[in-house]
A.B. asks: 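Quick one: structure below, then a few questions.
Just so we're on the same page: letters track the sequence lines, and every chain starts at 1.
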Amino acid sequence: MNFIEEIIEEDIRNNKNDAKVKTRFPPEPNGYLHIGHAKAICIDFGMAQKYGGTTNLRFDDTNPVKEDVEYVDSIREDIHWLGFQWAEEHYASDYFEQLYQWAEQLIQEGLAYVDDSTQEEISAMRGVPTKPGTHSPYRNRSVEENLDLFRRMRAGEFPDGSKVLRAKIDMDSPNMHMRDPIMYRILHAHHHRTGDKWCIYPMYDYAHGQSDSIEGITHSICTLEFEVHRPLYDWFCEALKIHHPQQIEFARLNLSYTIMSKRKLMQLVQEKHVMGWDDPRMPTICGLRRRGYTPQSIRNFAETVGVAKRDNIIDVSLLEFCAREDLNKVATRTMAVLDPVKLIIDNYPEGQTEEVDAVNNPEDPNAGTRKLPFGKELWIERADFREVADKKFYRLTIGSEVRLKYAYIIKCTHIDKDAEGNITAIHVTYDPETKSGLPLSNRKVKATIHWVNVNHAQEAEVRLFERLFNVPDPDECEEGQTFIDHINPDSLHVTKAFVEETINLNNKADYYQFERTGYFCVDKDSTDGHLVFNKTVSLKQ
RNA sequence: UGACCAAUGGUGUAAUGGUAGCACUACAGUUUUUGGUACUGUCUGUCUAGGUUCGAAUCCUGGUUGGUCAACCA
């Protein structure tokens, strides 16, 4: 049981909130969701599910200059894809009028004032964490003057940045957020939902807790950096005498060999270090989706990393483990040769083709079988043959035997080479008595290799991905460096492969395992005559 | 020279005063028509110094280390 569950169970025992649980996931629509958000989503929705409650989706759209509907749509899609359904969809901007009324109420009670100081002056008066701040000369304006000014702010009488509304709290507080925090700023900006109705916009601290309160949220779960905001969250709820949700903070997810900051991910996209937000190398949810991760694997990952308050860097190998674990159960097996070399069965009848049975998924009997065309000339992996083999290599070498999966046991006799010494063909003989299913096929051989028929395979593009960064913590930089300097210049390899001809856009599985190689999925760049596969993750070697 | 938060194997995370466990990683072995899967095993841990207690990873005090906070961002 994690510490959030402990808090919730304690609250239920004490019949707090009538023993109900209601959470929310509150993204700002200013970027795409990433694996860190996936963790938060799994916690927000997971806690409510576990305790019989519901979860709202609320867009924290209080800053019109950064936000856009493009992001709203992608966020909705990503949450659904992950497998969660929100009870209600809300927008902080839906509460602007209520928030405004509450602001007037605080002014009436002498708890808020309009400040004409410049940004620089306010910053200077706020002081530093180790030294108290000083009072603004506007701090003791009358209620009437404050009210008049605030109403004229709303009416649009003042230019951007000329005035702000501040809460009157404590300029001596060791917590910077309590030093008369700004509640409203003037922004003559077009909002993606409210249009030009408003020219003053509430700050996060003035909007978030009250939005939670309006929705009747019981447990407002967020990341650690908001811990210092909690006294302010509490202050507004108390000052307004409204329902007071409990803010609970947990440590955000960090993943080795990647970055998680929205700003930096945006930079990767804008500077074209990647193909887009959904580039399979990106830690975004849409990137992982395109990479071939299953929603289940991401949910398992979020469950496995746990929830605590200590800073962490999760090893990407755990994410990869979760991918393999789920993909092993659901991926359709197929034969694909990524680095082909021709194999010729010299004693196999010229022009003959026979069908062999192949299992679609050994982990799932219901997945059935399919027929594969076997013949005299096959493609096999170049790496499955070695001219000089050491003891640990037990695949094909001159004089040795291996099994061609679902077909025959073969023995290598000799090889052809070109002028440069590259192997152009591998000659073998087969034993007709060893066809899979026949009694003699049970003979022990050291290895089984995969193949595709030269005359039946189709060519496909395969995109292989390496880590986007070549250091575990790309944010750790030497003087004068940035995370950009840690980008792995070799993170994308595009190659041609031969795959079974049965796969096409009308007849494709969601997830494939290329036997003995790894997990792959069909990329959206595919067209009818040209399949593109993305490698999700290798099989464990 | 501030306040707040946190410290358990290489990485995460449990143990809520009573046998330090689990997962990943790494390495061995068994099974296998995928060098996959499954199964078994091995290695490695309570930041530090005191205190309370029959007994401390757990409670207390000091220290050390890491993180957060000084946007009209969220």
Side-chain angles (χ1 to χ4, degrees), chain A residues 1-3 6 26-28 30-31 60-63 65-67 92 115 117-119 122-124 126-133 160-166 173-179 181-187 200-201 203-205 207-208 222-231 249 251 253 256 262-263 303-322 324-325 328-329 333 335 359 362-363 392-395 402-407 409 436-437 441-450 472 513-519 538-541:
Chain A
M1 188 162 65
N2 67 52
F3 80 98
E6 282 174 16
E28 182 188 13
N30 70 342
D60 230 330
D61 56 351
T62 56
N63 185 5
V65 301
K66 285 190 177 174
E67 294 150 9
D115 195 328
S117 307
T118 64
Q119 199 166 149
I122 288 177
S123 175
R126 188 155 31 220
V128 292
T130 50
K131 293 255 171 59
D160 288 2
S162 59
K163 283 179 172 46
V164 291
L165 183 72
R166 291 228 257 170
S173 173
N175 183 337
M176 298 295 288
H177 297 281
M178 300 300 275
R179 321 246 263 227
I182 291 170
M183 295 164 59
Y184 274 92
R185 74 282 215 191
I186 300 171
L187 233 42
I200 56 172
Y201 290 93
M203 300 288 290
Y204 165 84
D205 284 306
H208 198 93
C222 62
T223 46
L224 237 37
E225 66 269 28
F226 292 100
E227 205 158 27
V228 283
H229 293 247
R230 183 164 14 105
E249 311 87 11
L253 172 78
S256 63
K262 268 200 226 178
R263 200 203 91 231
E303 179 68 29
T304 307
V305 298
V307 185
K309 296 191 76 157
R310 94 180 76 151
D311 294 308
N312 58 79
I313 301 181
I314 308 290
D315 202 319
V316 276
S317 64
L318 182 61
L319 218 210
E320 293 173 348
F321 165 81
C322 292
R324 290 189 191 102
E325 184 189 41
N328 177 51
K329 294 180 203 150
R333 309 298 134 122
M335 304 266 237
V359 175
E363 307 292 322
K392 286 198 170 161
F393 183 82
Y394 44 99
R395 282 162 284 169
V402 299
R403 186 192 310 278
L404 291 170
K405 185 148 183 155
Y406 302 129
I409 294 175
S436 293
S441 72
N442 290 329
R443 200 168 90 219
K444 290 275 180 219
V445 283
K446 280 199 158 172
T448 299
I449 65 171
H450 64 278
Q513 183 196 98
F514 288 1
E515 296 255 6
R516 303 208 302 130
T517 305
Y519 295 99
S538 294
L539 251 31
K540 247 183 115 183
Q541 47 286 61

A.B. asks: Dot-bracket for RNA chain B, 5' to 3', with Watson-Crick and G-U pairs under 3.5 Å, [ ] for crossing pairs and | for other-strand pairs: what is it?
C.D. replies: .((((((..((((....[..)))).(((((.......)))))....(((((..]....))))))))))).....

A.B. asks: Is there any protein nitrogen or oxygen under 3.5 Å from a nitrogen or oxygen in nucleotides 25-33 of chain B, and what are the pairs?
C.D. replies:
| unit_1 | atom_1 | unit_2 | atom_2 | d |
| --- | --- | --- | --- | --- |
| B:rU33 | O4' | A:Arg403 | NE | 3.3 |
| B:rU33 | O4' | A:Thr448 | OG1 | 3.3 |
| B:rU33 | N1 | A:Arg403 | NE | 3.4 |
| B:rU33 | O2 | A:Tyr406 | N | 3.1 |
| B:rU33 | N3 | A:Ser436 | OG | 2.5 |
| B:rU33 | O4 | A:Ser436 | OG | 2.1 |

A.B. asks: A:Arg395: what forms a salt bridge (charged side-chain N to carboxylate O under 4.0 Å, His left out) with it, not counting sequence neighbours?
C.D. replies: A:Asp384

A.B. asks: Answer yes or no: is there a donor N or O on one side and an acceptor on the other, between the side chain of A:Asp61 and the main chain of A:Ala92, under 3.5 Å?
C.D. replies: yes

A.B. asks: Determine the contact category for A:Val128: base if any of its heavy atoms lies under 4.0 Å from a base atom, sugar-phosphate if only primed atoms, P, OP1 or OP2 are that close, otherwise nothing.
C.D. replies: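 Base contact - A:Val128 has a heavy atom under 4.0 Å of at least one base atom.
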
A.B. asks: Reckon A:Val307 touches a base, only the sugar-phosphate, or nothing at all at heavy-atom distances under 4.0 Å?
C.D. replies: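 If one applies the 4.0 Å heavy-atom cut-off, A:Val307 turns out to touch the sugar-phosphate alone, with no base involved.
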
A.B. asks: Mind calculating the distance between CD (A:Gln513) and C1' (B:rG36) to the nearest angstrom?
C.D. replies: 6 Å

A.B. asks: Should we count CD of A:Glu303 as having more than 12 external heavy atoms under 6.0 Å?
C.D. replies: no

A.B. asks: List for me each residue that meets ring pair (Phe, Tyr, Trp, His ring centres under 6.0 Å) alongside A:Tyr519, sequence neighbours excluded, and say none if there are none.
C.D. replies: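 Scan of A:Tyr519 (ring pair (Phe, Tyr, Trp, His ring centres under 6.0 Å), adjacent residues dropped) gives none.
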
A.B. asks: Please measure how far the C1' atom in B:rA15 lies from the corresponding atom in B:rA28, and state the result in whole Å.
C.D. replies: 29 Å

A.B. asks: Residues in ring pair (Phe, Tyr, Trp, His ring centres under 6.0 Å) with A:Phe321, at least two apart?
C.D. replies: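 A:Phe321 satisfies ring pair (Phe, Tyr, Trp, His ring centres under 6.0 Å) with no residue once adjacent residues are dropped.
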
A.B. asks: Taking side chain to side chain donor-acceptor pair (under 3.5 Å) as the test, write out the residues that go with A:Asp115, two or more places apart.
C.D. replies: A:Ser117, A:Ser136, A:Arg166

A.B. asks: Side-chain N or O of A:Arg179 versus OP1/OP2 of B:rC69: is the shortest distance under 4.0 Å?
C.D. replies: no

A.B. asks: Are there over 12 heavy-atom neighbours, none belonging to A:Lys446, within less than 6.0 Å of that residue's NZ?
C.D. replies: no

A.B. asks: Tell me what A:Thr62 touches on the nucleic acid: a base, only sugar-phosphate, or nothing, going by heavy atoms under 4.0 Å.
C.D. replies: sugar-phosphate

A.B. asks: Is A:Asn30 touching bases, backbone alone, or none of the nucleic acid, heavy atoms closer than 4.0 Å?
C.D. replies: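 Result for A:Asn30 = nothing.
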
A.B. asks: Distance check needed: B:rC73 P versus A:Glu28 CD, whole Å only.
C.D. replies: 10 Å

A.B. asks: Of all residues at least two apart in sequence or in a different chain, which pass the ring pair (Phe, Tyr, Trp, His ring centres under 6.0 Å) check with A:Tyr406?
C.D. replies: none

A.B. asks: A:Ile313 CD1 to B:rA7 P: how many Å, rounded?
C.D. replies: 16 Å

A.B. asks: Nearest whole Å is fine: how far is B:rC69 P from A:Asn175 CG?
C.D. replies: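 Interatomic distance, CG of A:Asn175 to P of B:rC69: 12 Å.
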
A.B. asks: Only counting residues at least two apart or in another chain, list the ones meeting side chain to side chain donor-acceptor pair (under 3.5 Å) with A:Arg443.
C.D. replies: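 With sequence neighbours excluded, A:Arg443 shows a side chain to side chain donor-acceptor pair (under 3.5 Å) to A:Glu401, given in chain and number order.
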
A.B. asks: For A:Glu320 and B:rU11, what is the distance between atoms CD and P respectively, to the nearest whole Å?
C.D. replies: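 Taking CD of A:Glu320 and P of B:rU11, I get 18 Å after rounding.
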
A.B. asks: Atom CE of A:Met176 to atom C1' of B:rA70: distance rounded to whole Å?
C.D. replies: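 After rounding, the reported distance stands at 3 Å.
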
A.B. asks: How would you label the contact of A:Pro362 with the nucleic acid (heavy atoms, under 4.0 Å): base, sugar-phosphate, or nothing?
C.D. replies: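 It contacts base atoms.
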
A.B. asks: Please identify each residue that fulfils ring pair (Phe, Tyr, Trp, His ring centres under 6.0 Å) with A:His450, with sequence neighbours left out.
C.D. replies: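 A:His450 satisfies ring pair (Phe, Tyr, Trp, His ring centres under 6.0 Å) with no other residue.
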
A.B. asks: Have a look at A:Thr223 and say if it touches a base, only the backbone sugar-phosphate, or nothing, with a 4.0 Å heavy-atom cut-off.
C.D. replies: nothing

A.B. asks: Sort me out a list of protein N/O and nucleotides 64-68 of chain B N/O pairs below 3.5 Å, or just none if empty.
C.D. replies:
| unit_1 | atom_1 | unit_2 | atom_2 | d |
| --- | --- | --- | --- | --- |
| B:rG67 | O4' | A:Asp311 | OD2 | 3.2 |
| B:rG67 | O2' | A:Asp311 | OD2 | 3.3 |

A.B. asks: Can you sort out the partners of A:Ser123 under side chain to side chain donor-acceptor pair (under 3.5 Å), two or more places apart, ordered by chain and number?
C.D. replies: none

A.B. asks: Rounded to the nearest Å, what distance is computed from the OH atom of residue A:Tyr519 to the P atom of nucleotide B:rU34?
C.D. replies: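 In whole Å, B:rU34 P and A:Tyr519 OH are 13 Å from each other.
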
A.B. asks: With a non-hydrogen cut-off below 4.0 angstrom, is A:Asn63 in contact with a base, only sugar-phosphate, or nothing?
C.D. replies: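 Sugar-phosphate, no base atom in range.
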
A.B. asks: Quantified in whole Å, what is the C1' atom distance between nucleotide B:rG55 and nucleotide B:rC43?
C.D. replies: 30 Å

A.B. asks: At under 4.0 Å between heavy atoms, what does A:His208 touch on the DNA or RNA strands: base, sugar-phosphate, or nothing?
C.D. replies: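 Nothing, no heavy atom under 4.0 Å.
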
A.B. asks: Name all residues meeting the salt bridge (charged side-chain N to carboxylate O under 4.0 Å, His left out) criterion together with A:Glu225; count only those two or more places apart in sequence or in a different chain, and write none if there are none.
C.D. replies: A:Arg252

A.B. asks: So what does A:Phe514 hit on the nucleic acid, given a heavy-atom distance under 4.0 Å: a base, only sugar-phosphate, or nothing?
C.D. replies: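 No contact.
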
A.B. asks: Under 4.0 Å between any heavy atoms, over every strand shown, what does A:Gln541 touch: base, sugar-phosphate, or nothing? Just pick one.
C.D. replies: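 The residue A:Gln541 makes sugar-phosphate contact but no base contact.
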
A.B. asks: Look at all strands and tell whether A:Ser538 reaches a base, only sugar-phosphate, or nothing, counting heavy atoms closer than 4.0 Å.
C.D. replies: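 No contact.
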
